[in-house]
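Encoded as structure tokens, the structure appears first; notes follow it.
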Amino acid sequence: MRIHEAAPDFELPDLNSTLRRLTDFRGRIVIVNFWSCECPHCERTDRALMSMFVQWREEVVMLSIASNRNESIQSLAQAAAARRLPIVLLDADHVVADAYSAQTTPHVFLIDRDGILRYRGAVDDVTFRQRKPTRFFLDEAVEALLDGRLPALTESPAYGCTIVREI
């Protein structure tokens, strides 16, 4: 999957077993966020992302995809409710994570209104050596798309917990 090409469509159940397709959100900017209820990096970035949604409003939607095989639906639902995440999709067999080559949680993919991948990587510039964010890559990319521009930065290394593919 390459930047500036169509993002692979997928269909996954949400926490209520309703099937959701990526193409259902065509016309809106979509953040595909590979997510874990147990990852401290996800917990940190969830707070930042939810505060950003106040300014983005209805133009942007986030699909949090739970691809860790070891997380229960109950623990996912509790974390999603506590963090006020609107849509959590289940990918326990990591089919979508594999299709997107997602390796960590969080690992975000920003898709424009036409279904084209415009950014992938980290939410911000936090790393093992830098504990406090100074730059929010995803926010910059979303704001560019909202302004009708392509993001200046299209890729960054994802940083977080490894997606658990086997137990």
Side-chain angles (χ1 to χ4, degrees), residues 7-26 28-111 117 119-128 130-142 156-167:
D9 194 17
F10 57 81
E11 182 178 69
L12 292 171
D14 64 17
L15 295 173
N16 298 314
S17 300
T18 301
L19 289 177
R20 307 281 191 123
R21 293 180 63 95
L22 176 61
T23 53
D24 293 342
F25 301 96
R26 192 65 46 88
R28 294 171 74 186
I29 295 167
V30 179
I31 299 166
V32 173
N33 179 26
F34 289 90
W35 176 82
S36 166
C37 65
E38 297 176 355
C39 173
H41 304 288
C42 283
E43 187 172 1
R44 178 185 62 77
T45 58
D46 286 345
R47 284 191 300 271
L49 286 168
M50 295 317 293
S51 68
M52 292 173 197
F53 269 92
V54 173
Q55 66 193 24
W56 298 334
R57 305 191 189 271
E58 296 298 314
E59 294 184 73
V60 181
V61 65
M62 182 168 66
L63 306 177
S64 297
I65 300 182
S67 295
N68 281 333
R69 186 162 285 195
N70 63 327
E71 294 177 329
S72 72
I73 291 177
Q74 181 181 1
S75 62
L76 293 169
Q78 287 174 342
R83 300 178 200 176
R84 296 188 174 125
L85 300 177
I87 301 172
V88 174
L89 304 177
L90 305 174
D91 183 34
D93 293 326
H94 52 80
V95 172
V96 178
D98 290 348
Y100 278 70
S101 298
Q103 298 301 313
T104 64
T105 59
H107 194 165
V108 294
F109 296 77
L110 182 63
I111 301 163
L117 178 66
Y119 171 80
R120 75 171 149 223
V123 172
D124 56 32
D125 62 350
V126 167
T127 63
F128 178 73
Q130 180 176 316
R131 299 296 182 162
K132 298 270 187 199
T134 61
R135 187 172 174 195
F136 289 91
F137 303 134
L138 182 62
D139 183 42
E140 291 173 17
V142 169
S156 68
Y159 180 79
C161 303
T162 301
I163 292 176
V164 177
R165 287 180 158 80
E166 296 180 20
I167 54 172

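Note: hydrogens, waters and symmetry copies are ignored here, and every other heavy atom, side chains too, is used.
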Could you list the donor-acceptor pairs under 3.5 angstrom formed by side chains in residues 156-164, with sequence neighbours left out?
from   : atom 1 : to     : atom 2 : distance (Å)
Ser156 : OG     : Tyr119 : OH     : 2.5
Ser156 : OG     : Ala122 : N      : 3.0
Tyr159 : OH     : Phe128 : N      : 3.1

If you compare all heavy atoms of Arg57 against all heavy atoms of Val54, which two are closest, and at what distance to 0.1 Å? CG-O, 3.5 Å
Below 30° counts as parallel, above 60° as perpendicular, anything between as tilted: where do the rings of Phe34 and His107 land? perpendicular
Within this structure, what is the CG-CD1 distance for the pair Leu22 and Ile111, rounded to the nearest 0.5 Å? 4.5 Å
Please evaluate residues Leu110 and Val108 with respect to the criterion side-chain contact (heavy atoms from CB on, under 4.5 Å), reporting the C-alpha separation (whole Å), side-chain torsions for both, the decisive distance (0.1 Å), and the verdict. CA-CA 7 Å; Leu110 182 63; Val108 294; over 6 Å; no
Please examine the side chains of Leu49 and Met62, heavy atoms only from C-beta on, and report whether any two atoms are closer than 4.5 Å. yes
Can you find a pair of side-chain heavy atoms, one from Arg165 and one from Gln103, that are under 4.5 Å apart? yes
Would you please test Asp139 and Gln55 for side-chain contact (heavy atoms from CB on, under 4.5 Å) and show each step? CA-CA 10 Å; Asp139 183 42; Gln55 66 193 24; 3.3 Å; yes
Is any side-chain heavy atom of Ile31 closer than 4.5 Å to one of Phe53? yes
If I take atom CD from residue Gln78 and atom CG from residue Leu15, how far apart are they, to the nearest 0.5 angstrom? 11.0 Å
Indicate yes or no: at least one non-hydrogen side-chain atom of Ile87 is less than 4.5 angstrom from one of Phe25. yes
Could you tell me whether the side chains of Glu38 and Ser75 share a donor-acceptor contact shorter than 3.5 Å? no
Closest contact, heavy atoms only, His41 versus Pro106: CB-CD, 3.7 Å
Is any side-chain heavy atom of Arg83 less than 4.5 Å from a side-chain heavy atom of Cys42? yes
Check: Asp14 main-chain N/O paired with Thr18 side-chain donor or acceptor under 3.5 Å: no
Taking all atoms of both residues into account, what is the closest heavy-atom pair of Pro133 and Asp124, and its distance? CB-OD2, 3.7 Å
Going from CG on Leu12 to CG on Asp91, what distance comes out if it is rounded to the nearest 0.5 angstrom? 5.0 Å
Can you tell me how far apart SG (Cys37) and CG (Asn70) are? Round to the nearest 0.5 Å. 8.0 Å
Determine, stepwise, if the pair Ile65 / Tyr100 fulfils side-chain contact (heavy atoms from CB on, under 4.5 Å). CA-CA 11 Å; Ile65 300 182; Tyr100 278 70; over 6 Å; no
For Asn33 and Trp35, indicate whether the former's side chain and the latter's backbone hold a donor-acceptor pair under 3.5 Å. no
Taking the side chain as C-beta and beyond, is there a heavy-atom pair between Glu71 and Ser36 under 4.5 Å? yes
Is Arg135 reaching over with its side chain to a backbone N or O of Glu140, donor-acceptor style, under 3.5 angstrom? no
Do the non-hydrogen side-chain atoms of Val126 and Arg44 ever get within less than 4.5 Å of each other? yes
If you define the side chain from C-beta out and look only at heavy atoms, does anything of Pro86 sit under 4.5 Å from Met50? yes
Separation between CD (Glu59) and CD1 (Ile29), nearest 0.5 Å, reads 6.5 Å
Counting distance only, does the side-chain N/O of Arg28 pair as donor-acceptor with the main-chain N or O of Glu58 below 3.5 Å? yes
Reported OG1-to-CD distance for the pair Thr23 and Glu11, which is rounded to 0.5 angstrom: 8.5 Å
Do you know which two heavy atoms are closest between Pro13 and Leu19, and how far apart they sit? N-CD2, 3.7 Å
